[in-house]
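Notes follow once the structure below has been shown.
Keep in mind it's a predicted model, so treat the numbers as computed, not measured. Protein chains get the first letters and strands the later ones, always in sequence-line order, with residue 1 at the start of each.
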Number of protein chains: 2
Amino acid sequence: MNIGDVAAQTGLPPKTIRYYEDIGLVVPGRSDNGYRQFRDQDLHKLAFLGRARALGFTIEDCRTLLALYEDETRASSDVKRVARSHLAKIEAKIADLQAMRDTLTHLVDCCAGDDRPDCPILQDLGGTS
Amino acid sequence: MNIGDVAAQTGLPPKTIRYYEDIGLVVPGRSDNGYRQFRDQDLHKLAFLGRARALGFTIEDCRTLLALYEDETRASSDVKRVARSHLAKIEAKIADLQAMRDTLTHLVDCCAGDDRPDCPILQDLGGTS
DNA sequence: ATAAGGGTTCCAGTTAGGGGAAGGTCAAGG
DNA sequence: CCTTGACCTTCCCCTAACTGGAACCCTTAT
């Protein structure tokens with residue numbers, strides 16, 4: 001299977017797939033003409049990576065998860081630890097963004113948004129508190 | 001005022017301040033010895049930038065906001081448009097993260113987290129649906 | 001004289017790929 | 001048989017917003 005078909009089946013762009021090979025996440029074979037040849041196993045890995053990335057795991061987390069996935073003797077606690085750590089980061093990020101959103105919402109609501117120069121948003125950023 | 005003092009007063013690292021000069025956000029003077037010399041005006045700008053960045057505005061947004069801040073003839077609608085656009089992006093990001101969080105929370109809750117290999121997290125990522 | 005603690009420039013690295021150039025390969029059509 | 005178009009390859013540069021570090025200069029205190 002060539003990279004284009006794999007891209008179509010996994011939803012990952014060819015560039016991404018090549019990048020994943022570059023950093024050692026997948027190791028497809030090669031045909032005589034130099035084209036990458038993906039087997040079902042590779043496809044499966046790439047789909048795994050696509051889902052893990054969609055959940056926001058970093059590439060390094062993905063590498064760890066993939067290794068655990070392929071290790072029949074893994075402990076689920078190891079997987080859970082990675083997931084929980086990632087979850088904590090996501091929750092922290094959500095909290096940060098919500099704080100920004102709250103402040104911004106307030107400022108935007110206070111701004112007249114007309115053609116006059118007076119603007120509470122700029123006043124806030126300028127430190128006129 | 002030297003860069004170290006400015007860093008202390010604004011809370012921005014010296015590296016960041018140099019970077020902001022590099023990209024033209026501030027233009028401090030120079031002493032005879034080559035050291036940057038910051039005036040109150042520069043300090044004020046940097047504080048402005050610090051607050052805008054803390055609200056998640058991109059550097060380019062900051063550039064726009066700073067220009068509006070210094071333009072006495074601005075229309076507050078221009079400021080509001082920038083802020084609202086940024087707010088929309090933040091809200092989209094929050095929604096994305098919340099979706100990830102919900103999925104992850106569910107998966108983590110389903111995972112025993114013991115020394116056995118069975119793991120619903122990996123099952124999900126592996127596409128065993 | 002020297003050592004510490006500023007400052008300066010420049011270069012490289014970070015994340016996770018994207019864009020695009022230059023060139024090889026394959027299948028179909030004239 | 002040749003060409004055309006769609007694929008594939010590698011390679012290099014670009015992104016955001018800095019951060020780390022090296023090599024070197026300036027000032028002040030001991």
Side-chain angles (χ1 to χ4, degrees), chain A residues 1-38 42 45-46 48-66 85-86 89-90 92-93 96-97 100, chain B residues 1-39 42-43 45-46 48-66 82 85-86 89-90 93 96-97 100:
Chain A
M1 219 177 178
N2 286 350
I3 200 169
D5 303 319
V6 178
Q9 292 214 17
T10 61
L12 297 173
K15 281 269 188 187
T16 299
I17 298 172
R18 292 197 192 97
Y19 174 65
Y20 288 172
E21 180 187 7
D22 233 44
I23 62 176
L25 286 180
V26 277
V27 185
R30 295 285 177 146
S31 312
D32 290 346
N33 58 14
Y35 288 16
R36 287 169 182 80
Q37 274 306 319
F38 296 86
D42 301 318
K45 269 197 193 184
L46 287 168
F48 181 101
L49 290 169
R51 279 184 287 265
R53 290 288 298 133
L55 284 181
F57 284 104
T58 66
I59 290 285
E60 284 319 304
D61 278 349
C62 288
R63 197 189 297 279
T64 304
L65 291 171
L66 203 48
S85 161
H86 175 47
K89 281 177 198 133
I90 284 184
K93 205 159 205 171
D96 283 358
L97 288 172
M100 291 181 193
Chain B
M1 218 176 181
N2 285 350
I3 200 168
D5 303 320
V6 177
Q9 291 214 15
T10 61
L12 298 172
K15 282 269 189 188
T16 298
I17 298 173
R18 291 196 193 97
Y19 174 65
Y20 288 172
E21 181 189 4
D22 234 42
I23 61 176
L25 286 178
V26 277
V27 186
R30 294 285 176 145
S31 311
D32 290 346
N33 58 12
Y35 287 17
R36 288 170 183 79
Q37 273 307 318
F38 296 86
R39 287 169 303 171
D42 302 318
L43 223 85
K45 268 196 194 184
L46 287 168
F48 181 101
L49 290 170
R51 279 184 287 263
R53 289 289 298 134
L55 284 180
F57 285 103
T58 66
I59 290 285
E60 284 318 303
D61 278 348
C62 288
R63 195 188 298 278
T64 303
L65 291 171
L66 203 48
V82 173
S85 159
H86 176 47
K89 280 176 199 135
I90 284 183
K93 206 160 203 169
D96 284 357
L97 289 172
M100 291 180 192

Tell me: [atom1] of [X] to [atom2] of [N], nearest whole Å?
X	N	atom1	atom2	result
Ile17(B)	dT8(C)	CD1	C1'	15 Å
His86(A)	dT15(C)	NE2	P	15 Å
Asp5(B)	dG7(C)	CG	P	7 Å
Ile3(B)	dC26(D)	CD1	P	17 Å
Asp22(A)	dT9(D)	CG	P	12 Å
Asn2(B)	dC25(D)	CG	C1'	14 Å
Met1(A)	dC26(C)	CE	P	19 Å
Arg63(A)	dT15(C)	CZ	P	11 Å

Separation of Tyr20(B) OH from Leu46(B) CG (nearest 0.5 Å):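 Atom-to-atom, Leu46(B):CG and Tyr20(B):OH are 8.5 Å apart.
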Value rounded to 0.5 Å, distance of CD1 in Ile3(A) from CD1 in Ile17(A):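 Interatomic distance, Ile3(A) CD1 to Ile17(A) CD1, rounded to 0.5 Å: 5.0 Å.
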Does [X] make a side-chain N or O approach to OP1 or OP2 of [N] shorter than 4.0 Å?
X	N	answer
Arg36(A)	dC8(D)	no
Arg30(A)	dT10(D)	yes
Asn33(B)	dG7(C)	no

Side chain to side chain, [X] and [Y], heavy atoms closer than 4.5 Å:
X	Y	value
Leu66(B)	Lys45(B)	yes
Thr64(A)	Phe57(A)	no
Phe38(B)	Asp5(B)	no

Touch check for Ile23(A), heavy atoms < 4.0 angstrom, all strands: base, sugar-phosphate only, or nothing?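 Counting heavy atoms under 4.0 Å across all strands, no contact is made by Ile23(A).
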Sugar-phosphate, base or nothing in reach of Arg18(B), heavy atoms under 4.0 Å: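 Result for Arg18(B) = base.
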NZ/NE/NH1/NH2 to OD/OE distance under 4.0 Å, Glu21(A) and Arg18(A):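 Between Arg18(A) and Glu21(A) there is no salt bridge, as every charged N stays at least 4.0 Å from the carboxylate O atoms.
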Along nucleotides 16-22 of chain C, 5' to 3', which nucleotides get a B, which get an S, and which get a -, given that the test is a protein heavy-atom distance under 4.0 Å? BBSBB--
Does Gln37(A) use its side chain to pair, donor to acceptor, with the backbone of Met1(A) at less than 3.5 Å?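 Flag set: sc Gln37(A) to bb Met1(A) pair under 3.5 Å.
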